[in-house]
Student: 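Before we start, here is the structure in question, set down as structure tokens.
Note: hydrogens, waters and symmetry copies are ignored here, and every other heavy atom, side chains too, is used. All residue numbers refer to positions in the sequence shown, counting from 1. First listed ligand is number 1; within each ligand, the first listed atom is number 1.
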Amino acid sequence: MINDKKVLFSGMQATGNLTLGNYLGALKNWVKLSDEYECFYCVVDEHSITVRQDPATLRKRARALLTLYIAAGLDPEKNCIYYQSHVSGHAELAWILNCFTYMGELNRMTQFKDKSAKHADNINAGLFTYPVLMAADILLFQADVVPVGIDQKQHLEITRDIAQRFNSIYGDVFTIPEPYIGKSGARIMSLQDPSKKMSKSDENPNGSIYLMDDPDTIMRKCKRAVTDSEGHICYRDEQPGVKNLIDIYSSCTGKTPEDVEKEFDGKGYGDFKLAVGEAVVSQLKPLQEEVARLEKDKAFIDSVIKNNAEKAAYYANKTLRKVQRKVGFPDRIR
Ligand code: TRP
């Protein structure tokens, strides 16, 4: 608990262009949770280098992501918004936790299997221990809840296992975190292949709406979205393309899928896609404007980066010192 509130931790990688899926599925929900919890929202740049990155691009994207967190409505006075690499406790705790994690456990991680198939020329140790760094992120702040997509659930389970293992040896050191999997609208699928998640690394740019896409591009991508030959707007698994568009429309407008079915009863896909496009445009416009405004305010963003890294380091060090003592590292001389 911090300030009588439960602690929430989450993070995103600054690799690839962020999509509407990242916004509707994650960021928008983070904003809703930010009153109820004491929140740490991290830009996890240390995770990013498990795959080779161009340094200048990574730096630029990290700043853009941090700016986006704020533009999306996370008040940096209330939420701790910071770079993972600015708080050394992440890497330090990850080292210790590495010594409490088994090779066999890490070998079972499906994301490791997927990523090593995709990057067969660079299966580095960091890619393998990625979940341990993620466990360190979470446990460092004694987080109670962790909003994640379904694809990260296995990493949260290993985090809990590591924490429980550590606690069973050394006593109650870590809070055991709970996953928080958002509900509907949480999983936005590709516009070109609704069986796949909308992804920032999709090779087909028409499958994803990027957060910085201009209105024409958004309208074009919506119009081209893959549907089916049923011809009616129904929210059901047999019509995955239409279902996904309903999810997008619902998330943007706040209407329920049933309302959307009624609204478009008897109408064609053309009309519906137009409405979806317009809803997305009006959802993203204020966000894009706020990003543009914040990007100009360099001093403000810099102050957020500095102050929040200090705040995060303060809480991180509390946990880290305790853990270091438990495992038998010598006390610091003050
Ligand atoms: N692995 C997460 C992802 O790719 C990002 C992440 C890193 C994260 N550390 C975290 C998410 C801690 C939640 C909590 O989506």
Side-chain angles (χ1 to χ4, degrees), residues 6-19 21-30 33-34 37-51 53 58 61-62 65-66 68-69 74 79-94 97-98 101 106 109-116 118-119 126-163 174-182 186-188 197-202 312 315-316 319:
K6 287 193 169 179
V7 176
L8 179 154
F9 186 97
S10 200
M12 256 187 235
Q13 290 206 48
T15 39
N17 284 320
L18 289 166
T19 71
N22 298 116
Y23 179 65
L24 297 179
L27 256 182
K28 210 176 161 188
N29 290 323
W30 289 6
L33 295 166
S34 68
Y37 297 97
E38 185 73 31
C39 299
F40 293 84
Y41 290 119
C42 188
V43 173
V44 293
D45 48 0
E46 291 176 331
H47 280 99
S48 296
I49 64 163
T50 54
V51 172
Q53 302 292 333
L58 179 59
R61 285 192 168 148
L65 182 56
L66 185 129
L68 183 71
Y69 284 2
L74 295 171
N79 302 278
C80 193
I81 293 172
Y82 72 103
Y83 296 129
Q84 188 182 31
S85 62
H86 284 193
V87 177
S88 61
H90 288 269
E92 290 182 73
L93 182 61
L97 297 181
N98 266 321
T101 307
L106 293 174
M109 296 291 118
T110 55
Q111 186 173 293
F112 173 68
K113 289 183 207 166
D114 293 347
K115 285 198 181 171
S116 35
K118 217 168 139 194
H119 305 279
L127 195 64
F128 189 60
T129 60
Y130 178 114
V132 184
L133 179 58
M134 182 160 160
D137 298 341
I138 296 165
L139 301 178
L140 202 49
F141 296 95
Q142 307 288 358
D144 297 279
V145 288
V146 183
V148 283
I150 200 90
D151 59 318
Q152 295 296 315
K153 217 178 150 217
Q154 200 183 27
H155 290 164
L156 213 73
E157 277 156 18
I158 197 175
T159 300
R160 290 165 56 91
D161 292 342
I162 297 168
F174 293 125
T175 302
I176 309 297
E178 296 286 341
Y180 179 98
I181 313 267
R187 205 167 151 77
I188 304 298
K197 194 173 127 179
M198 185 180 283
S199 159
K200 38 189 177 183
S201 48
D202 199 333
Y315 290 107
T319 303

Student: NZ of K115: more than 12 outside heavy atoms within 6.0 angstrom?
Tutor: yes
Student: Record the part of M12 in heavy-atom contact with ligand 1 below 4.0 Å; permitted values are side chain, backbone, both and neither.
Tutor: neither
Student: Just let me know how L133 lines up against ligand 1, side chain, backbone, both or neither, with a heavy-atom cut-off below 4.0 Å.
Tutor: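 It is neither; nothing of L133 touches ligand 1.
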Student: For atom 12 (C) of ligand 1, which protein heavy atom lies nearest, and how many Å away is it?
Tutor: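 Protein heavy atom at minimum distance: F9 CE2, 3.5 Å.
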Student: State, with a plain yes or no, whether a side-chain heavy atom of I150 is found less than 4.5 Å away from one of K197.
Tutor: no
Student: Give the residue, atom name and distance (to 0.1 Å) of the protein heavy atom nearest atom 5 (C) of ligand 1.
Tutor: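 Going atom by atom, the protein heavy atom closest to atom 5 (C) of ligand 1 ends up being G11 O, 3.7 Å.
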Student: I want to check something: taking the side chain as every heavy atom from C-beta on, are L74 and L27 in contact at a cut-off of under 4.5 Å?
Tutor: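 L74 reaches L27 side chain to side chain.
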Student: Under a 4.0 angstrom heavy-atom cut-off, which atoms of ligand 1 come close to V146?
Tutor: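 Selected atoms, number and element: 13 (C), 14 (C).
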Student: Flag H155 as yes when one of its N or O atoms lies below 3.5 Å from any N or O atom of ligand 1, and as no otherwise.
Tutor: no
Student: Indicate, as side chain, backbone, both or neither, the part of I138 found under 4.0 angstrom from ligand 1 when only non-hydrogen atoms are considered.
Tutor: side chain
Student: Out of the candidates D144, V148, V146, L33, only one should pair with Y180 under the side-chain contact (heavy atoms from CB on, under 4.5 Å) rule; please name it.
Tutor: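 Among D144, V148, V146, L33, the one meeting side-chain contact (heavy atoms from CB on, under 4.5 Å) with Y180 is L33.
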Student: So for atom NZ, which belongs to K113, do other residues, nucleotides or ligands contribute more than 12 heavy atoms lying within a distance under 6.0 Å?
Tutor: yes
Student: Taking the side chain as C-beta and beyond, is there a heavy-atom pair between Y69 and L65 under 4.5 Å?
Tutor: yes
Student: Short list, please: which atoms of ligand 1 are under 4.0 Å from a heavy atom of Y130?
Tutor: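 This gives 1 (N), 2 (C), 3 (C), 4 (O) as the contact atoms.
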Student: Angle between ring planes, F9 versus H90, binned at 30° and 60°: parallel, tilted or perpendicular?
Tutor: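 Aromatic pair F9/H90 classed tilted.
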Student: Could you tell me whether some N/O pair between Q152 and ligand 1 is separated by less than 3.5 angstrom?
Tutor: yes
Student: Taking atom CD1 as the centre, does I49 end up with more than 12 heavy-atom neighbours from other residues, nucleotides or ligands that are less than 6.0 angstrom away?
Tutor: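 At most 12 heavy atoms, drawn from other residues, nucleotides or ligands, come within 6.0 Å of this atom.
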Student: Answer with yes or no whether Q13 contacts ligand 1, where contact means a heavy atom under 4.0 Å from a ligand atom.
Tutor: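 Yes.
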Student: What atoms in ligand 1 come closer than 4.0 Å to a heavy atom of V148?
Tutor: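 With V148 as reference, the close atoms of ligand 1 come out as 13 (C).
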Student: Please could you name the atoms of ligand 1 that D137 approaches to less than 4.0 Å, counting only its heavy atoms?
Tutor: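 Here the atoms of ligand 1 in question are 7 (C), 9 (N), 10 (C), 12 (C).
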